**Q** 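Take this structure, written in structure tokens, and hold onto it; I'll ask about it next.
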Amino acid sequence: MKFDYRLDFAGATASMRTMSIPLTIDMTVYFFQTAADGTTEVILDVHPELFGPRETDTHMDGILALLDAIEKADPHTPVRDLTAAPVPEAAG
């Protein structure tokens, strides 16, 4: 979700942060450009009855590894050929 997040109150600047997102049925990944400098925030929202903190962290690590692989890949690399660093399995 991309919006103009620049805030200026007569010279006093502020930062916006996402405080609420809709109820997630299982797992949702959000990308927010939350700063005027173009910084993107990646949020992994999970249903707490389906995923524990360790599982959630493992999924986030996998998502970030995939994004890193995409960033480093040649622009003509097919998605099927992307290789991300393996992410260890979450322990029980």
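Atoms considered below: every heavy atom in the structure, side chains included; atoms not considered: hydrogens, waters and symmetry mates. Owing to the predicted nature of the structure, the values given are computational and were not obtained by experimental measurement. For the single chain, residues carry numbers from 1 onward in sequence order.
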**Q** Can you tell me how far the CG atom of Asp61 sits from the CG atom of Asp68, to the nearest 0.5 Å?
**A** 12.0 Å
**Q** Ignoring hydrogens, what is the shortest heavy-atom contact between Leu50 and Glu55? Give both atom names and the distance.
**A** O-OE1, 3.7 Å
**Q** Can you name the nearest heavy-atom pair linking Thr56 to Val46, along with the distance?
**A**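 Reported closest heavy-atom pair: OG1-CG2, 3.3 Å.
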**Q** Atom CD1 in Ile63, atom NE2 in His59: separation rounded to 0.5 Å?
**A** 8.0 Å
**Q** If you compare all heavy atoms of Met60 against all heavy atoms of Val42, which two are closest, and at what distance to 0.1 Å?
**A**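 Smallest interatomic distance, heavy atoms only, reads CE-O, 3.3 Å.
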**Q** Mind listing the closest non-hydrogen atom pair of Ala69 and Leu82 along with its distance?
**A**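 Between these two residues, the closest heavy atoms are O-CD2, 3.9 Å.
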**Q** Give the C-alpha distance, both sets of side-chain angles, the deciding distance and a yes or no for side chain to side chain contact (heavy atoms under 4.5 Å, CB included) between Phe31 and Leu67.
**A** CA-CA 12 Å; Phe31 296 88; Leu67 291 173; 3.8 Å; yes
